[in-house]
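Chain A is the first sequence line, chain B the second, and so forth, proteins listed ahead of strands; every chain is numbered from 1.
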Amino acid sequence: MTGYPYRFDRTAYARDLQERYTDLEPGSETTDEVRVAGRAMTTREHGKIAFIDLQDPTGRLQLFAQQAVLGDDGMESFKGVGVGDIIGASGVVMRTRRGELSVKVSDVTILAPCQRSMPEKWHGMTDVESRYRQRYLDLITNPEAQRIMKARIAMISSIRSFMEDRGFVEVETPLLQPIAGGAVARPFVTHHNALDIDLYLRIAPELYLKRLLIGGAEKVYELNRSFRNEGISTKHNPEFTMLEGYEAFVDWTDTMALVEDLVRATARAVNGTAELTIGDATIDLDEPFKRVTMFEAIEQATGRSMEKLWDDGDESGLRGAAEDLGVKIDPKWGLGKVLVEIFEQRVEKLLIEPTFVCGFPKEVSPLAKDHRSIRDFTEQADLLIAGLEIAPIYSELNDPAEQRLRFEQQAAARAAGDDEAQLPDEDFLEALAFGMPPAGGFGFGVDRLLAIFTGASSLREVILFPTLRPLD
RNA sequence: GGGUCGCUAGCUCAAUUGGCAGAGCAACUGACUCUUAAUCAGUAGGUUCGGGGUUCGAUUCCCCGGCGACCCA
């Protein structure tokens with residue numbers, strides 16, 4: 001048996017009472033009995049009266065105790081409530097002479113005592129590391145942490161309803177994969193004992209969602225957690241939330257339009273408006289997103305044109321241009337990788353307004369169809385907002401022979417020392433051989449976009465429990 | 001990966017040139033019938049992130065390590 005009560009019948013929440021009794025005059029009392037529950041945030045004792053500020057999920061409400069009402073024992077237990085205790089109280093709604101809506105308590109129960117000292121009531125918890133390690137305290141004491149959690153809930157919920165409205169169905173595909181495909185990243189490895197094989201935590205669900213396209217699903221999405229065994233920064237967490245979606249019979253232009261609408265819908269769900277503040281800039285997401293080629297993006301940012309060098313396959317010219325721009329390049333890299341590095345190091349962070357950069361070198365884009373007009377490019381577009389990569393979009397490659405060739409090129413890059421290059425997935429190639437409809441697909445960085453929407457300085461602010469090094 | 005900064009009571013923060021390690025909040029005891037960061041009096045609370053060095057003496061200076069924040073690539 002525990003001394004901790006099993007349940008408490010709540011009949012009212014703080015915000016509801018505040019709204020319902022706005023007209024109640026100071027110093028007046030109703031006969032309306034309510035039962036409220038939450039966490040005691042501050043206590044004030046005045047001899048034969050006492051106050052507690054109660055916090056519930058909707059806000060705060062004052063509890064008012066009088067010895068004349070409660071008697072000696074009742075007053076004793078009211079004063080026995082400590083800061084941080086979870087309590088339930090019943091009484092009538094009243095407003096104090098000083099104008100604070102209160103419950104005049106006739107009974108109070110400690111439902112769960114707080115056995116530790118709560119963070120300082122005025123400053124809350126400010127140490128960033130402590131806030132991440134003890135997020136529950138951050139949530140109790142810092143309204144900002146609450147705001148971001150609610151924003152995340154709104155974002156996730158709006159993503160699902162947006163996708164459902166557009167006729168997509170949500171599916172679940174393996175987290176444990178024998179080959180970690182669908183993206184360029186180092187995976188986490190684990191081991192299955194009964195099968196005695198190594199398995200990888202997925203870096204992306206892409207190749208399984210495409211198998212579903214082959215299986216006849218025409219509009220699918222997976223709101224997924226993926227894992228990448230790489231560095232941690234304000235823009236990277238080892239596990240992160242991504243939306244991936246595929247639609248049969250459309251190409252990248254249709255998918256760009258879809259993603260554009262998705263960004264607007266989620267912004268409205270989170271902020272109630274399509275206006276977005278990034279630093280000093282205000283952006284209206286209802287304006288059409290910009291669309292530029294990678295060459296245009298580089299030229300606008302650096303004043304240097306790469307297009308002719310690329311068309312001519314001018315190796316020394318392109319590498320020279322990279323060096324002129326101060327971009328560190330590896331002599332082993334192919335030209336496509338060099339071009340992308342110029343883009344990533346010199347251009348990406350300047351693209352504040354939502355911009356689709358359309359077309360990526362084939363070398364770094366092994367799962368997208370050939371570009372219809374740019375040589376050795378694919379129909380991959382990346383959506384950038386606030387200088388961050390938010391969403392890659394493809395016309396999905398569905399020619400198994402071409403896909404095999406791309407995997408072979410990746411294998412060659414891997415052999416040359418690029419340990420991020422993708423491994424060939426024979427099982428996926430076999431599936432492709434049965435025919436995958438033409439399709440547009442996208443990945444969507446939920447954490448990053450949420451950080452932009454909420455003005456958070458770091459991904460760790462929008463991930464409730466970011467990955468931390470354990471103490472000791 | 002490089003640079004800068006930080007780590008002192010449960011929380012928020014002090015500590016003069018290197019000289020007894022402190023305050024507020026929280027906890028505990030008491031006073032107080034309208035407070036709301038209540039107030040007042042009192043009690044208790046420390047491996048100053050860890051290790052080493054210099055020194056009569058180190059929270060303070062030096063070295064190594066840990067954890068974190070910010071900036072840069």
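- Counting any heavy atom pair closer than 4.0 Å across all strands shown, A:S102 reaches no nucleic acid atom.
- Candidate nucleotides B:U33, B:A27, B:U36 were compared by shortest atom distance to the side chain of A:V83, and B:A27 ranks first.
- Scanning all heavy atoms of the two residues, the minimum distance from A:L111 to A:P5 falls at O-CD, 3.6 Å.
- With salt bridges taken as basic N to acidic carboxylate O contacts below 4.0 Å, one links A:R135 and A:D138.
- Among the atoms of the strands shown, only primed sugar atoms or phosphate atoms (P, OP1, OP2) are found under 4.0 Å from some heavy atom of A:K349.
- Residue-level contact check: A:G124 touches the backbone only, with heavy atoms under 4.0 Å from sugar-phosphate atoms and none from bases.
- Between the P atom of B:A26 and the CD1 atom of A:I140 lies a distance of 17 Å, rounded to the nearest Å.
- A straight line from CD1 of A:I52 to C1' of B:A26 spans 15 Å, rounded to a whole angstrom.
- Under the 6.0 Å distance and 45° angle rule, A:R35 counts as a cation-pi partner of A:F8.
- The nearest heavy atom of RNA chain B to A:Q66 and to A:M125 marks one nucleotide each, and the one closer to the 5' end goes with A:M125.
- Counting any heavy atom pair closer than 4.0 Å across all strands shown, A:T126 reaches sugar-phosphate atoms only and no base atom.
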> Which parts of nucleotides 37-42 of chain B does protein reach within less than 4.0 Å, heavy atoms only, written one letter per nucleotide 5' to 3' as B for base, S for sugar-phosphate only and - for none?
Replying inline: BB----
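- A:Y132 comes within 4.0 angstrom of the backbone, heavy atoms only, and of no base.
- Within 4.0 Å (heavy atoms only), A:R460 reaches sugar-phosphate atoms of the nucleic acid but no base atom.
- A:L383 is listed as a side-chain neighbour of A:F289, based on a closest heavy-atom distance under 4.5 Å.
- For A:P119, whose side chain is taken as the heavy atoms from C-beta onward, the closest listed nucleotide among B:C11, B:U36, B:A26 is B:C11.
- Contact annotation for A:R133: backbone-only contact, meaning every heavy-atom pair under 4.0 Å involves sugar-phosphate atoms and none involves a base.
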> Given Watson-Crick or G-U pairs with both distances under 3.5 Å, what dot-bracket string fits RNA chain B, with | for other-strand pairs and [ ] for crossing?
Replying inline: (((((((..((((.....[..)))).(((((.......))))).....(((((..]....)))))))))))).
